Each structure stands twice: as C-alpha cells, then as structure tokens.
Trainee: 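Attaching a single structure in structure tokens format; questions to follow.
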Amino acid sequence: MKPIEIAPKIYWVGAVDWNIRDFHGYSTKAGTTYNAYLIVDKTVALIDTVKAPFADEMLERISHVIDPKKIDILISNHTEMDHSGGIPKIMHFIGQDKPLYCSKMGKKNLSMHFGDKYNFHAVEDGETLSLGSRSLTFLETKMLHWPDSMFSYCPEDKILFSSDAFGQHYAGPQRFDDEIGEAIMPHAKTYFANILLLYTPLIEKLLARVTQMGLEFSMILPDHGIMWRQDPGKIVAAYARWSRQEPKNKAVVAYDTMWNSTRIMAESIAEGLGQAGVHALPMHLRANDRSEVITQVMDAGLVVVGSPTLNNGLFPTVSDFLTYMKGLKPKNKIGAAFGSYGWSGEAPKILSSQLDEMGFDQPEAPLKVLYVPGPEAKKQCFEWGEKLGKILVDRLK
Ligand code: FEO
C-alpha cells in the first residue's frame with residue numbers, strides 16, 4: 001500500500017496489521033492499523049511511528065514521498081510500543097541527533113524504553129512549533145491513556161493528530177470514515193470500552209477544555225484505524241455520550257459453567273429479565289472474550305455475574321473477567337451474583353463481594369442452586385431475574 005495524501009503535503013505513512021488477533025488481551029478480530037503521519041513543509045515532520053516489525057514498511061512508504069533522511073523532526077504523541085516501537089530504526093535511519101519532540105512524561109518514558117540517547121525536546125502543554133507554512137500545537141492529554149499521551153493540532157488545517165483517542169482496532173480496505181460509514185462505530189465503541197472506559201472523567205474534562213479553547217476539527221487523525229475526515233464531530237459526540245455511561249435497559253449475564261447448571265441458571269435469569277422488559281444478553285465467558293463482554297457491559301444498566309464453585313472459589317474465566325472489569329471501572333450499574341454448587345458453594349458470595357468492591361449496587365442477595373436446577377430452581381432463577389429486571393426498569397424511569 002502506498003502512502004495516502006490526506007491533505008496537501010500531509011500523508012498517512014502507517015502500517016496495516018491485518019492479522020493481529022490479541023492486543024495485550026483485547027481480542028482484535030478485525031486486526032488494526034498503526035497510523036503515522038508525515039508533514040512535508042520547510043521542516044519535515046513525522047508524527048508517531050509504528051510497531052517495531054512494521055518499521056521497514058513505514059520507511060518504504062515514506063520513501064514514495066520523500067527520502068526518509070530528509071525528515072527533520074520526529075514527534076512522539078505516545079510512548080506505547082505500538083507507536084514507538086519503530087523509533088530506534090527511524091532515528092537510526094534519519095540521524096540520532098534529529099530532534100525528537102514529545103511531552104515531558106514522553107521524554108521520561110521514551111528514555112526508559114529506549115535509553116536517553118536521543119535529542120529530546122520536551123514540549124510544554126499548549127506550546128506551538130512552526131514547520132514553515134503550517135504549525136503544530138501540542139496539547140497534553142495525560143492519562144489518556146498513558147502519562148505521556150499528547151495531541152498535536154495543526155490550526156492552519158484544523159487537523160487533530162489524536163494519538164490513541166478516537167481510534168479503533170480495525171484493518172480493512174478503507175482508510176476514511178466516508179468510505180466505511182456507520183460500520184466503523186461498533187469498532188470505535190469496543191475500543192473505547194476496552195482502552196478508555198476507566199478514564200471517562202478525564203475525557204469529559206478534555207472535551208470541555210477543547211470546547212473552551214474553541215478548537216475546530218476538519219479532520220481527526222487517530223493512531224489506529226479509520227481517519228475521520230467527513231464527520232469528525234460524530235466520534236467526538238460519541239465519546240461525550242459514552243463517557244457519561246448512562247445505563248440502558250440492558251442486562252449482561254456473564255457466566256461460566258462446569259456441567260451446565262450455571263448455564264441453566266443464567267438462561268432462566270435472562271428469561272426473567274426479558275419478562276420484566278429488559279434486553280438480556282447471556283454471555284458464556286468461554287464463548288465470548290472479555291473484550292466483547294466489557295463492550296456490552298459499558299452501556300448495560302445491570303451486570304449479573306455467575307460462577308460455579310470450583311475448589312471453594314470462582315471458576316478461572318470468571319475471575320479473569322472480574323479482574324478485567326474491575327480495572328476498567330464501569331459506572332452506574334446494578335449488579336447481582338449467582339452460581340450453582342455441589343457442597344461448599346462459596347462462589348456467589350465471593351462474586352458479590354467483588355461486585356461490591358467495584359461499586360455496583362446490589363439490590364438482591366446472591367442466588368445459589370445446589371447441583372442441577374430442577375423446575376423449582378429454574379422458577380426461582382426466573383423470578384430472581386424478573387425482580388432484578390423490574391428494579392432496573394423502575395430506576396430508569
Ligand atoms: Fe495504540 Fe496506547 O497505544
């Protein structure tokens with residue numbers, strides 16, 4: 001794939017990772033891209049690089065536009081290695097003494113990744129760098145999603161180079177929002193749920209700051225996936241909406257099962273939830289990976305978690321999911337715990353205490369069923385689900 005001219009003398013020179021399926025535990029069924037941008041001006045600037053194995057491919061792409069040795073400065077918006085992994089090769093190629101612009105935390109973090117051998121220029125928040133006919137203003141976006149993260153904004157073209165923000169793990173033939181349309185939004189939502197959910201208070205502050213500064217965007221160019229050139233406001237509005245974490249009339253019933261008893265419970269509970277008018281999704285944790293489940297959790301009003309008792313504790317996949325969910329800090333949820341057991345039956349209580357730690361309100365006591373649910377136990381599960389559903393419906397009124 002050749003470079004793509006996004007605006008006069010601004011080029012996409014990144015790489016497409018078609019077959020990555022696991023991005024540090026986030027299932028990337030559609031692959032991803034590592035977007036890097038070349039601005040050819042009096043000063044030639046490269047914004048971000050790519051994951052290390054794709055560095056040669058990026059250099060080759062750049063060479064369609066300009067001799068890569070003519071790059072004057074490298075700007076690193078973010079230290080995570082899917083964007084910085086190519087730095088050593090790029091710096092070696094363009095010259096180790098060329099300035100490497102980054103945030104103050106970027107300087108610290110890049111040094112810890114690659115040593116302090118580079119000619120770092122740590123920028124101030126709001127600092128502007130002239131490239132000739134264009135300029136770049138750097139905006140610190142600390143903890144969105146690393147301490148080093150920053151945006152680079154070109155006021156002349158109203159283009160935001162937004163690092164991870166507004167990205168999606170998506171590799172396809174399209175590069176722009178107008179080429180893919182609405183089909184990109186589920187990928188953007190999954191990305192938000194898995195990468196940014198825990199930072200929603202900071203996102204709300206950032207969006208308020210952007211509004212206060214009066215920044216306008218003709219394009220938003222993230223470091224992953226589709227670039228927003230037709231309607232950048234759409235993804236900004238979606239971020240504002242997702243950040244509010246408004247609960248919907250939806251319940252996720254996340255569970256695992258040993259001999260189907262907890263599955264039978266989950267499905268009876270989901271039926272009861274449906275009876276109360278709630279859209280219920282029973283999600284087996286070995287059939288749905290954690291990144292899919294957390295995406296559904298993001299706007300659910302109710303999260304019901306089920307586990308059989310295994311060796312006096314939780315089933316391992318349920319522990320995995322709870323660890324993942326805890327880290328992502330979903331808000332404004334009702335929670336509930338259930339599970340089948342044979343003799344000791346600790347799992348529902350453990351689940352309930354973990355949901356408590358996560359700040360989930362639990363209006364109903366945990367439900368447990370001994371061995372295989374018969375007609376009575378199924379009825380009990382149905383009614384428990386219906387009761388929870390009615391509580392959710394009432395709270396959403
Ligand atoms: Fe795409 Fe935080 O790296």
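In each ligand, atom 1 is the first atom listed, and ligand 1 is the first ligand listed. Owing to the predicted nature of the structure, the values given are computational and were not obtained by experimental measurement.
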Trainee: Distance under 6.0 Å and angle within 45° of the ring axis: does Lys107 meet both against Phe120?
Mentor: no
Trainee: List the atom pairs, donor and acceptor, that lie under 3.5 Å between side-chain atoms in residues 48-58 and the rest of the protein, sequence neighbours left out.
Mentor:
unit_1	atom_1	unit_2	atom_2	d
Asp48	OD1	Asn77	N	2.8
Thr49	OG1	His83	O	2.5
Thr49	OG1	Gly86	N	3.3
Asp56	OD1	Lys89	NZ	3.2
Asp56	OD2	Lys89	NZ	3.1
Glu57	OE2	Arg61	NH1	3.2
Glu57	OE2	Arg61	NH2	3.2

Trainee: Specify the closest pair of heavy atoms between Asn194 and Thr190, including all atoms of both residues, with the distance to one decimal.
Mentor: ND2-O, 2.8 Å
Trainee: Quick one: CG on Leu314 to CG on Asp320, what's the gap to the nearest 0.5 Å?
Mentor: 11.5 Å
Trainee: Would you say the side-chain atoms of Asp289 and Ser27 include a donor-acceptor pair closer than 3.5 Å?
Mentor: yes
Trainee: Provide the tally of protein N/O/S atoms nearer than 2.8 Å to atom 1 (Fe) of ligand 1.
Mentor: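 The number of such protein atoms is 4.
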Trainee: Any idea which N/O/S atom from His145 gets closest to atom 2 (Fe) of ligand 1?
Mentor: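 Looking at His145, the N, O or S atom with the least distance to atom 2 (Fe) of ligand 1 is NE2.
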Trainee: So, Asp72 versus Thr43: side-chain donor-acceptor pair below 3.5 Å or not?
Mentor: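 On atom types as modelled, these side chains do not qualify, holding no pair under 3.5 Å.
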